Amino acid sequence: IVSQLMTLEKRPLTVLTQRGTQVTARITALSRVQGGVSALQNAAASLAKTTTFNAMRASSSGDGVMAAVTDSTAAAAGTYQVKVNSLASSHALASQVFTASDQIGTGSLTIQFGSVSGNNFTPAANSSATPITITSSNNTLAGIRDAINAAKIGVTASVVTDNAGSRLSLIANDTGLANTIRVSVNDGSDGSNTNNQGLSRLSFDPTISLPPGDSTGNGRQMLQTRAPVDASYEVNGLALTSSSNKVSTAISGVTLDLRKASADTINTVTVERDTLSIRMAVDSFIKAYNDVDKVIRDVTAYDPANRKGAVLNGDSAVRSVQSQLRALLGSQMSAATGDFSMLSSVGIEIGKDGSLSLSASRFEAALADPAKMSRLFTTTSEGSESARGFGVRFEALGKLIAGPGGLLPGRTSSQQSQIDAIAKQKIRLNDRLDDIEKRLRLQYASLDAQLARMQGTSSSLANALSQLPGGG
């Protein structure tokens, strides 16, 4: 009986739970709309930037050169003939042959990179002059290799082994004559820093000239396995050199990546306006608008057959969002005579169902004047709202709708307040139901006891009457 009574008492709790489920569904739907508006805001922000419409791109006709625009404001449209005569290479050295366990010597190594002019070596500005200490604990090939690499001084050390034995190999991290390696030795083994003994066997002074036929000598005990070379190339027939295979000074705003040398190949580098990035920005805007428009239609739909509305059917905030977006979409910009004034001017068209599509032919025609297209989206104005570009206005509207303190966050907050209030009501109701159940159980326990006593009294009376004469 108590369970049946409690089922009746719990009906208000069931109602609260159902109401909470409905509010949670509204919050989820509002989040979908807010996410869609935020995506539209981000897409509009891209269209609001003049850099989107001023972007330049570079391409190359051959595999000898890769080209990329690194500064659209400096790059100028044009065609350049680039020929790569030789690539830049990095300086490489190798020691004489040792065994893996040989102790080379002790002291210190100072490894620098820089330029050589005659008998003069000029260290590069970022070349370290910090000595690398070599002791008996690290004076094997592997130990010296690890000490050099740990110093991070612009060269990479390795141990290379063949049938003859093992060698210490040094290679400059950067290419070109300006990164020639010099290895100075302070030999603690025998007092000489240049001979073919101890740590001096790792010395290399690039200013020392060797006699014909000799590959090593005092102060230059390591073998030069590859000389540093600058890249040699031509731009429009002008001979140029570079210490690096990445050249950023030859063509303003463009970086050339020299990949393959060929005496016969001319690579045509074309610098032009990056219309693809504009198309991608417009496509992203159209997709973002269509996505949020579909979400709004889904969550506000009404099914007349079942006479049932979607979770946000009739919601004033969402209807307001839809109305504002559609109104801005079909509005006209106050533009100068001859300028584009509507989105349809550049091929962004509104379908019968309210979705957007792009007329490729009208868009391509509008691209012929990228400055006019840019103004349609990027114009800022302290005056009337209609004087501002569509990218600027959609971005601003997105912030008002979905940004902090915006319409949708405010609506979601009010729904969350309802969830919090329902949770508190359920706690109070559950406490009340617990009290009711306890009281009912006590009451029915008391009634059961009284009934038991009455049944006992009735039985006793019946027994007594049965003992009377004539009873039973």
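Note that the structure is predicted; figures quoted are calculated from it, not measured.
- Taking all atoms of both residues into account, the shortest heavy-atom contact from D174 to S90 is O-CB, 3.6 Å.
- With no hydrogens or angles considered, a side-chain donor-acceptor pair links T161 and S166 at under 3.5 Å.
- No donor-acceptor pair under 3.5 Å is formed between the side chain of D291 and the backbone N or O of G36.
- The backbone N or O of S374 sits less than 3.5 Å from a side-chain atom of T378, completing a donor-acceptor pair.
- Heavy-atom contacts from other residues, nucleotides or ligands closer than 6.0 Å to CG of N119 number 12 or fewer.
- Other residues, nucleotides and ligands contribute over 12 non-hydrogen atoms within 6.0 Å of the NZ atom of K372.
- Under a 4.0 Å N-O distance rule, the pair R319/D315 does not qualify as a salt bridge.
- In summary, D257 and K246 engage in a salt bridge, as defined by a charged side-chain N under 4.0 Å from a carboxylate O.
- Side chain to side chain, S184 and D205 fail the donor-acceptor criterion of an N or O pair below 3.5 Å.
- V254 places a side-chain heavy atom less than 4.5 Å from the side chain of L256.
- Put simply, the side chain of D274 never gets that close to the backbone of A55: no donor and acceptor are under 3.5 Å apart.
- Side-chain contact check for L397 versus L328: some heavy-atom pair is nearer than 4.5 Å.
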Item to check | side-chain contact (heavy atoms from CB on, under 4.5 Å) evaluation trace for V65 with L258 | outcome: CA-CA 5 Å; V65 175; L258 310 182; 4.1 Å; yes

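- Using a 4.5 Å cut-off on side-chain heavy atoms (C-beta onward), R297 and Q322 make contact.
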Next on the checklist: Walk me through whether R220 and S203 qualify under side-chain hydrogen bond (donor to acceptor under 3.5 Å, both in side chains).
Outcome noted: CA-CA 5 Å; R220 189 167 169 159; S203 64; over 6 Å; no

Checklist entry - For H91 and N179, what are the C-alpha separation, side-chain angles and deciding distance, and is it a side-chain contact (heavy atoms from CB on, under 4.5 Å)? => result CA-CA 7 Å; H91 199 192; N179 294 292; over 6 Å; no

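- Heavy-atom contacts from other residues, nucleotides or ligands closer than 6.0 Å to CE of M342 number more than 12.
- At least one side-chain heavy atom of L170 sits less than 4.5 Å from a side-chain heavy atom of V183.
- Considering CG of L40 and CD1 of I286, their distance stands at 11.5 Å, rounded to 0.5 Å.
- Using a 4.5 Å heavy-atom threshold, the side chains of V292 and I296 count as touching.
- For the pair P228 and G176, the tightest heavy-atom approach, listed with the atom from each and the gap, is CB-O, 3.4 Å.
- To the nearest 0.5 Å, the span separating CD1 on I153 from OG on S128 amounts to 6.5 Å.
- Among all heavy-atom pairs drawn from E272 and A77, the shortest one is CA-CB, 4.4 Å.
- In terms of the ring pair (Phe, Tyr, Trp, His ring centres under 6.0 Å) criterion, residue partners of F285 (sequence neighbours excluded) are, by chain and number, F394.
- The OG1 atom of T275 sits 6.5 Å away from the CD atom of E364 when rounded to the nearest 0.5 Å.
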Next on the checklist: Working note: K424 + D420, criterion salt bridge (charged side-chain N to carboxylate O under 4.0 Å, His left out); need CA distance, chi angles, decisive distance, verdict.
Outcome noted: CA-CA 6 Å; K424 291 178 181 178; D420 297 340; over 6 Å; no

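- The heavy-atom pair separating A29 from V311 by the smallest distance is CB-CG1, 3.5 Å.
- By the 4.5 Å heavy-atom criterion applied to side chains, F377 and K49 are not counted as neighbours.
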Checklist entry - Run the side-chain contact (heavy atoms from CB on, under 4.5 Å) check on V271 and R57 step by step: do they pass? => result CA-CA 6 Å; V271 181; R57 63 184 294 269; over 6 Å; no

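- Remark: the D264 side chain and the S262 side chain contain no N/O donor-acceptor pair separated by less than 3.5 Å.
- For the 3.5 Å distance criterion, the side chains of T135 and S137 qualify, holding a donor opposite an acceptor.
- Using a 4.0 Å cut-off between charged nitrogen and carboxylate oxygen, D63 and K260 count as a salt-bridge pair.
- Using a 4.5 Å heavy-atom cutoff, the side chains of R375 and F53 are not in contact.
- A donor-acceptor pair under 3.5 Å is formed between the side chain of S61 and the backbone N or O of T268.
- Atom-to-atom distance recorded for S345:OG and M373:CE is 10.0 Å, nearest 0.5 angstrom.
- Rounded to the nearest 0.5 angstrom, T249 OG1 and L240 CG are separated by 7.5 Å.
- Remark: the Q332 side chain and the S386 side chain contain no N/O donor-acceptor pair separated by less than 3.5 Å.
- The distance from the CG atom of L329 to the CG atom of D293 is 9.0 Å, given to the nearest 0.5 Å.
- Between Q224 and L93, the shortest heavy-atom contact is CA-CD2, 3.8 Å.
- By the 4.5 Å heavy-atom criterion applied to side chains, V247 and T255 are not counted as neighbours.
- Taking both residues in full, the closest heavy atoms of P409 and A402 are given as CG-O, 3.6 Å, listed atom of the first, atom of the second, then distance.
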Item to check | side-chain contact (heavy atoms from CB on, under 4.5 Å) between I134 and I144, intermediate numbers included | outcome: CA-CA 7 Å; I134 306 299; I144 294 173; 4.1 Å; yes

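- With 3.5 Å as the limit, one finds a donor-acceptor pair spanning the side chains of S320 and Q324.
- Judged by a 6.0 Å distance limit and a 45° cone about the ring axis, R279 is positioned over the six-membered ring of F363.
- For the residue pair D303 / N306, a side-chain donor-acceptor distance below 3.5 Å is found, with atom types taken as modelled.
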